[in-house]
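Here's the structure, in structure tokens; my notes come after.
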Amino acid sequence: NPMKDRITDIGPRNYEEFYPPVIKNNKGKWLYHEVLQPGVLVHVSETGDEVYTVRVGGARLMSISLVREICEIADKHCGGYVRWTTRNNVEFMVDSKDKVQPLIDDLQGRKFAGGSYKFPVGGTGAGITNIIHTQGWIHCHTPATDASGPVKSVMDEVFEDFQNMRLPAHLRISLACCLNMCGAVHCSDIAILGYHRKPPMVDHEYLDKMCEIPLAIASCPTAAIKPKKVEVGGKTVNSVEVNQSRCMFCGNCYTMCPCLPLADKEGDGIVLMVGGKVSNRISAPKFSKVAVAFIPNEPPRWPKTAETIKKIVETYAADANKYERLGEWAERIGWERFFEKTGLEFTHHLIDDFRDPAYYTWRQTSQFKF
Ligand code: SF4
Ligand code: SF4
């Protein structure tokens with residue numbers, strides 16, 4: 001145990017302190033698990049112990065009062081233990097079956113003022129679990145779209161599939177608000193990707209005062225930035241220029257130099273990708289492919305993005321075989337049929353995305369550019 005002999009109190013406490021007793025006592029002894037109903041799992045140990053998990057949808061950004069309420073529920077039903085999943089679900093665990101229904105009733109009975117669930121139970125099995133997502137306009141500097149806004153709008157549209165398990169298989173949705181891709185958009189059934197479509201603007205007046213020019217140049221993965229002397233207010237200053245035809249709008253330079261901003265109201269928007277997965281069940285893991293080249297940002301409810309995703313989900317639900325993931329279904333029927341059935345337009349922006357396994361973006365060739 002690498003935590004046992006540590007001599008510093010820097011960093012988080014030893015995770016073993018947070019195990020519920022039933023988990024600690026049965027470590028390495030679990031035999032199997034089942035999904036009993038949407039949002040409820042049982043894990044059975046070789047010792048005969050059982051642990052029941054009730055999963056509820058959460059949000060990536062939570063108020064302190066909501067977190068306090070979660071802790072109160074954990075104190076009341078679960079001996080003070082609670083866990084967050086990587087998809088921002090909250091899991092309440094109990095060690096006997098008779099504790100499950102009172103916990104579910106308590107969770108489902110808690111509502112926001114408008115009447116919607118505070119703690120909707122679901123997100124397991126052949127359905128849609130919470131959308132994993134990134135920082136968005138609230139926290140990061142390079143987003144081409146928001147994170148929490150589109151995620152909330154899409155989850156509202158597909159909420160029934162969080163509560164049931166009617167789909168052929170798991171359907172994982174992810175969002176990354178730029179192509180630095182802090183979310184799992186490269187390997188999700190449906191991925192929402194924020195995309196810039198314009199190169200950075202250069203603020204010559206301040207660049208040399210605020211940025212390390214060699215660092216800005218080195219930050220560009222396509223070598224699109226080079227040094228340049230420019231005239232500003234009658235004075236010659238050190239700055240840079242961007243070779244626009246080499247730029248793939250990644251925003252790395254802006255991370256290093258705030259005088260190279262590339263956020264743009266018309267240029268920024270959403271790309272939808274489909275068909276990726278991590279699982280190797282039925283077929284090997286797959287990268288996502290671009291299916292919709294651009295949808296403008298439409299805050300606060302992103303109607304086109306939500307409606308397009310709903311359409312893909314419904315077509316998959318109606319047409320795929322049981323256990324087939326979205327990408328497996330599309331490959332079986334053929335990608336041409338995928339576009340026909342979902343009603344999505346196949347445009348020239350998608351063409352080379354289906355040939356190159358490295359990066360599924362049309363910005364790799366000189367033929368296809370906005
Ligand atoms: Fe920031 Fe991009 Fe990550 Fe979004 S995906 S949080 S914009 S680096
Ligand atoms: Fe280079 Fe990316 Fe900046 Fe374009 S946005 S200049 S590709 S670092």
Side-chain angles (χ1 to χ4, degrees), residues 59-61 86-88 131-152 154 172-188 190-204 206-207 210-228 230 239-273 276 287-288 290 294-295 297 299 302 305 358-366 368-370:
R60 196 168 187 279
L61 303 172
T86 50
R87 286 185 174 264
N88 313 316
I131 300 179
I132 193 163
H133 66 91
T134 52
Q135 312 268 10
W137 288 335
I138 292 190
H139 282 300
C140 196
H141 57 288
T142 49
T145 187
D146 189 26
S148 304
V151 163
K152 169 69 175 146
V154 171
R172 294 285 181 256
I173 307 181
S174 309
L175 180 146
C177 37
C178 85
L179 49 72
N180 282 329
M181 215 168 64
C182 305
V185 292
H186 60 297
C187 59
S188 293
I190 299 177
I192 307 163
L193 174 66
Y195 194 73
H196 297 288
R197 295 187 302 171
K198 293 188 182 176
M201 296 158 273
V202 186
D203 188 342
H204 293 300
Y206 291 102
L207 195 135
M210 295 180 73
C211 312
E212 294 285 347
I213 289 177
L215 189 62
I217 293 166
S219 71
C220 179
T222 63
I225 302 177
K226 63 181 180 185
K228 190 181 182 187
V230 292
S239 188
V240 299
E241 77 175 335
V242 176
N243 179 343
Q244 304 209 349
S245 65
R246 290 191 81 117
C247 176
M248 64 174 180
F249 324 131
C250 67
N252 277 3
C253 52
Y254 183 54
T255 303
M256 295 298 159
C257 171
C259 292
L260 293 166
L262 79 169
D264 179 271
K265 199 173 168 203
E266 277 76 41
D268 296 354
I270 280 172
V271 172
L272 292 183
M273 301 166 82
F287 282 125
S288 317
V290 176
F294 189 74
I295 301 174
N297 281 319
W302 277 267
T305 300
Y359 276 109
Y360 292 104
T361 159
W362 55 86
R363 287 288 303 183
Q364 298 167 85
T365 75
S366 54
F368 301 110
K369 286 182 179 174
F370 283 101

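All values below come from the heavy atoms of this structure, side chains included, with hydrogens, waters and symmetry mates left out. Position 1 is the first residue of the sequence, and the numbers go up from there. Note that ligands are numbered from 1 as they come in the structure, with each ligand's atoms numbered from 1 the same way.
- Judged by distance alone, with hydrogens and angles left aside, the side-chain atoms of Asp146 form a donor-acceptor pair with the main-chain N or O of Trp137 at under 3.5 Å.
- With respect to atom 4 (Fe) of ligand 1, the closest heavy atom belonging to the protein is Cys177 SG, 2.2 Å.
- Looking at Thr134 and Leu175, their side chains come closer than 4.5 Å, going by heavy atoms from C-beta outward.
- Protein N/O/S atoms found under 2.8 Å from atom 2 (Fe) of ligand 2: Cys250 SG.
- Between the side chain of Asn297 and the main chain of Ala144, a donor-acceptor pair closer than 3.5 Å is present.
- Heavy-atom proximity to Thr142, at under 4.0 Å, picks out these atoms of ligand 1: 1 (Fe), 2 (Fe), 7 (S), 8 (S).
- Side-chain atoms of Leu207 and Leu260, non-hydrogen and from C-beta on, do get closer than 4.5 Å to each other.
- From the protein, the heavy atom lying nearest to atom 6 (S) of ligand 1 is Gln135 CG, 3.1 Å.
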Which is it for His141 and Thr255 under the side-chain hydrogen bond (donor to acceptor under 3.5 Å, both in side chains) test, yes or no, and what are the steps along the way?
CA-CA 7 Å; His141 57 288; Thr255 303; 2.9 Å; yes

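- In terms of protein heavy atoms, atom 3 (Fe) of ligand 1 is closest to Cys182 SG, 2.2 Å.
- Close contacts between ligand 1 and Pro143 involve ligand atoms 7 (S) [criterion: under 4.0 Å to a heavy atom].
- With a heavy-atom cut-off of 4.0 Å, Leu260 does not touch ligand 2 at all.
- For the pair Ser239/Val202, a side-chain contact is recorded, criterion being any heavy-atom separation below 4.5 Å from C-beta on.
- Residue, atom and distance of the protein heavy atom nearest to atom 2 (Fe) of ligand 1 are Cys178 SG, 2.3 Å.
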I would like to know whether Ser219 and Asn252 meet side-chain hydrogen bond (donor to acceptor under 3.5 Å, both in side chains); could you show each step before the answer?
CA-CA 6 Å; Ser219 71; Asn252 277 3; over 6 Å; no

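- Between Cys257 and Cys211, the two SG sulfurs come within 2.5 Å of each other, short of that mark.
- Looking at atom 1 (Fe) of ligand 1, its nearest protein heavy atom turns out to be Cys140 SG, 2.2 Å.
- Between the side chain of Ser288 and the backbone N or O of Val185, at least one donor-acceptor pair lies under 3.5 Å.
- Panel note: side chain Arg197, backbone Glu266; a donor-acceptor pair is recorded below 3.5 Å.
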